[in-house]
Amino acid sequence: MLLASIGAMGSTDHGDALQVLQRVFGYPEFRGDQAAIVEHVIAGGDALVLMPTGGGKSLCYQVPALVRPGTGVVISPLIALMQDQVDALRALGVRAGFLNSSLSWDERREVEAQFVDGKLDLLYLAPERLTSEATLRLLDQGEIALFAIDEAHCVSQWGHDFRPDYLSLTHLHERWPKVPRIALTATATEATRKEILTRLELSDGRQFVSSFDRPNIQYRIVAKKEPKKQLLDLLRGEHPGDAGIVYCLSRASVEKTAEFLVANGIEALPYHAGLDSSVRQRNQARFLREDGLVMVATIAFGMGIDKPDVRFVAHLDLPKSVEGYYQETGRAGRDGLPSTAWLAYGLSDVVQQRKMIESSEGDLAFRRRSQAHLDAMLALCETITCRRTMLLDYFSQTGVPCGNCDTCLIPPESWDGTVAAQKVLSTVWRLRNERGQKFGAGQIIDILLGRKTAKVIQFDHDRLSTFGVGEDLNESEWRGVVRQLLAQGFLAVEGEYSTLVLTPTSSEVLSRKREVKMRKDPTPTRSATRVAAASAAKPKVDLPAEAAPLFEALREWRAQQAREQSVPAYVIFHDATLKSIAASRPGSLTALGAVSGVGQAKLTKYGEQILEVVAGGGPAPAEQDTPPAPKPKSKTTSTGGAAWGSGGADEWPEPEEPDEPMDW
Ligand code: ADP
Ligand code: ZN
């Protein structure tokens, strides 16, 4: 497709931002801080924009790029998604292009010529391009409306997504001091924010910090028992036919989990850095284009994925930081409809993460930083207060108990775990001198429960004074105690076999100088049912029942269009727009043009077709008495009998190689 033009829009000197919003994007008004940001950048000011995923960051630079003379240059690490981003803009009639390593020589020359000739409204660039003198010289030859630095947290070494190429962005300001720069991110703690400001030399710019709350996402963190079965229950019980992402730590567990889901009749695809790049691309494209697929992935997947209707994000392993967790879960529900963020967490996660940090090759500062990130994540898992309040607090924002997280829905109890802690710690202390022998949580718990296992007898552990003193709690409760001692830093792991060892604070507990408060994990089945019931009570779809058949007809029309043009369905129209059309049944082009999300270019291109679907599609509300069309069924049939392994999750973890974030 050649670049469509929206006429004079790209070259208007003092266009009206609101008019651009309405004409090009089809939205009646700006949201939240958007108007202020757009106005500030149009006037030539620098800005740092912090907005949660789905908040509407793209418009903050796209509108000024269309209003100011010249091309808006967007720096984004998301090479694999640039094509989709540009397709989406072209569908709106915006003259957009990109330069990255995927282009052929001819394609590259064409985009470069368009830029130099002033024929582009927006140009997307990978950050590493800016390290090349050739690109800098190219940029000198055209007129630049602004620089947008997307995913700006990538410049921060404190953050979780550092990209060395982002450091070169400092030079933009030196070379083009008059061009406004707008840095945008959905994830930034105080520390990360400060680092962005200094590294990008943005301190003189204005900061726009929106609320980070994502009220439509329900946060849940459950005790890990049989994680795959728990996951299956979640998908079958609450999200049948929904699109979602399942995050796993390692490549091996991604593959196993995807196979497991497929064997159980759920259409799932794997994604990790070890897969061939063509397979990765294909799976990503299918996830974006098809309805209701589940992506099982490492954190290599997801940055910049702007699929609006991801209904759940499930974590089968503990994320390394709250920032990572928030960004990953933030990929759910960008369309504002109810969505679930679900994490299964257990003793093995704490051991594994502590051990990974301990054995990492990073320097002391790196290990300290990782430890601090992990401690914050563990505190979130073990909290008995509102998860959302705690998340917001992590981003220096305040919130009130939300009523839409597991701890609000079923407040967990806390108990005085001091005596239990002492039993564990003194057993660990008694084992410390067993020369050359390493014992993990399993042996400690066997001793406390008075079990005469072969290993207990072999080492005479039945003679220890703590043998059998823990019969007041069961095995799973003891695992919870050990987990919380690790989470709170009263125990540590050491060495290849994850031996449990005491820490400097252990003695305070042993000598009764310190109390240990613990969380009582709710019984998994009971709590899962209750939270699920609470979620089911909320309407999943904001659509009147009588409009459902027309919505389905419009979705079918959209799927056909998406296939023909090989673009993701949401590039044609978002669900929210189709829902408004289904609900309002416009009878004329003027009425259709008034629907939010229908801009001029799309009205011209699809208007007549949509009116036909509305006229002929679903039955008129009065005559309609059929139930709403069911969601598309999963295409894969169950082979049944796929087991989730005998011992469950909380066996001692296998050492696994975690995958790294990766987008190119
Ligand atoms: P972010 O980049 O912050 O995650 P996006 O820019 O992708 O968010 O916007 C999220 C969704 O909100 C998109 O579907 C976008 O079209 C929609 N949106 C953004 N601004 C507005 C607005 N002013 N009115 C209506 N919808 C909007
Ligand atoms: Zn809450």
Side-chain angles (χ1 to χ4, degrees), residues 17-18 20-22 24-38 49-63 74 76 78 81 84-85 88-89 91-92 94 148-153 182-188 208 210-221 302-310 326-327 330-337 341 380 383-393 399-412 531 534-535 568-580 595-599 602:
L18 187 61
V20 168
L21 180 77
Q22 291 167 347
V24 180
F25 297 91
Y27 295 136
E29 57 198 8
F30 285 112
R31 259 191 208 160
D33 285 343
Q34 279 176 337
I37 298 166
V38 163
V49 172
L50 278 82
M51 241 185 224
T53 312
K57 284 184 287 301
S58 334
L59 287 180
C60 297
Y61 59 85
Q62 288 168 349
V63 172
V74 186
S76 160
L78 312 166
L81 296 163
D84 283 350
Q85 288 172 325
L89 284 163
L92 296 167
V94 175
I149 300 158
D150 206 5
E151 313 288 353
H153 62 282
I182 169 171
L184 310 104
T185 176
T187 166
F208 296 90
S210 304
S211 164
F212 266 58
D213 192 14
R214 299 286 311 280
N216 60 314
I217 299 182
Q218 181 179 80
Y219 296 98
R220 280 148 62 180
I221 301 180
M303 198 207 262
I305 291 291
D306 51 6
K307 185 176 168 66
D309 57 353
V310 174
Y326 206 60
Q327 188 154 61
R331 290 168 189 147
R334 293 168 77 107
D335 53 10
L337 300 177
L380 176 70
T383 187
I384 56 168
T385 63
C386 171
R387 308 252 192 226
R388 191 181 312 270
T389 311
M390 215 166 152
L391 284 166
L392 289 173
D393 183 57
V400 289
C402 70
N404 192 26
C405 72
D406 58 347
T407 49
C408 278
L409 290 165
I410 311 169
V531 178
S535 338
Y570 62 82
V571 165
I572 312 285
F573 282 116
H574 285 183
D575 275 2
T577 306
L578 293 191
K579 278 179 187 160
S580 304
V595 173
S596 175
V598 185
K602 288 188 180 175

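Counting starts at 1 for both ligands and their atoms, in listed order. Just so it is clear, the structure is predicted and the values come from calculations on it, not from any experiment. Both backbone and side-chain heavy atoms feed into the values below; hydrogens, waters and symmetry mates do not.
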*Hey, could you give me the CE/OG distance between M51 and S211, rounded to the nearest 0.5 Å?*
11.0 Å
Go ahead and list the nitrogen or oxygen contacts between ligand 1 and the protein that come in under 3.5 Å, distances to 0.1 Å, or just say none.
unit_1   : atom_1 : unit_2 : atom_2 : d
ligand 1 : 3 (O)  : G55    : N      : 3.4
ligand 1 : 3 (O)  : G56    : N      : 3.0
ligand 1 : 3 (O)  : K57    : N      : 2.8
ligand 1 : 3 (O)  : K57    : NZ     : 2.8
ligand 1 : 4 (O)  : G54    : N      : 2.6
ligand 1 : 4 (O)  : R334   : NH2    : 2.7
ligand 1 : 6 (O)  : K57    : N      : 3.3
ligand 1 : 6 (O)  : S58    : N      : 3.1
ligand 1 : 6 (O)  : S58    : OG     : 2.5
ligand 1 : 7 (O)  : R334   : NH2    : 3.3
ligand 1 : 8 (O)  : G56    : N      : 3.1
ligand 1 : 12 (O) : R31    : NH1    : 3.3
ligand 1 : 14 (O) : H574   : ND1    : 3.0
ligand 1 : 16 (O) : Y27    : OH     : 2.5
ligand 1 : 20 (N) : Q34    : NE2    : 2.9
ligand 1 : 23 (N) : E29    : O      : 2.9
ligand 1 : 23 (N) : Q34    : OE1    : 3.0
ligand 1 : 26 (N) : R31    : NH2    : 3.3

Could you check whether any side-chain heavy atom of [X] comes within less than 4.5 Å of a side-chain heavy atom of [Y], counting everything from C-beta outward?
X    : Y    : value
V598 : T577 : yes
D406 : Y219 : no
P52  : D213 : no

Give a yes or no answer on whether the side chain of [X] reaches the backbone of [Y] with a donor-acceptor pair at less than 3.5 Å.
X    : Y    : answer
E151 : S76  : no
T53  : R331 : no
R387 : L380 : yes

*Looking at C405 and C402, what are the two nearest heavy atoms and their distance?*
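Looking at all heavy atoms of both residues, the shortest contact is N-SG, 3.5 Å.
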*Which atoms of the protein, restricted to N, O or S, are nearer than 2.8 Å to the Zn ion (ligand 2)?*
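Counting only protein N, O or S atoms under 2.8 Å from the Zn ion (ligand 2), the list reads C386 SG, C402 SG, C405 SG, C408 SG.
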_Ring-face cation contact, F573 with K602, 6.0 Å cut, 45° max_ = yes
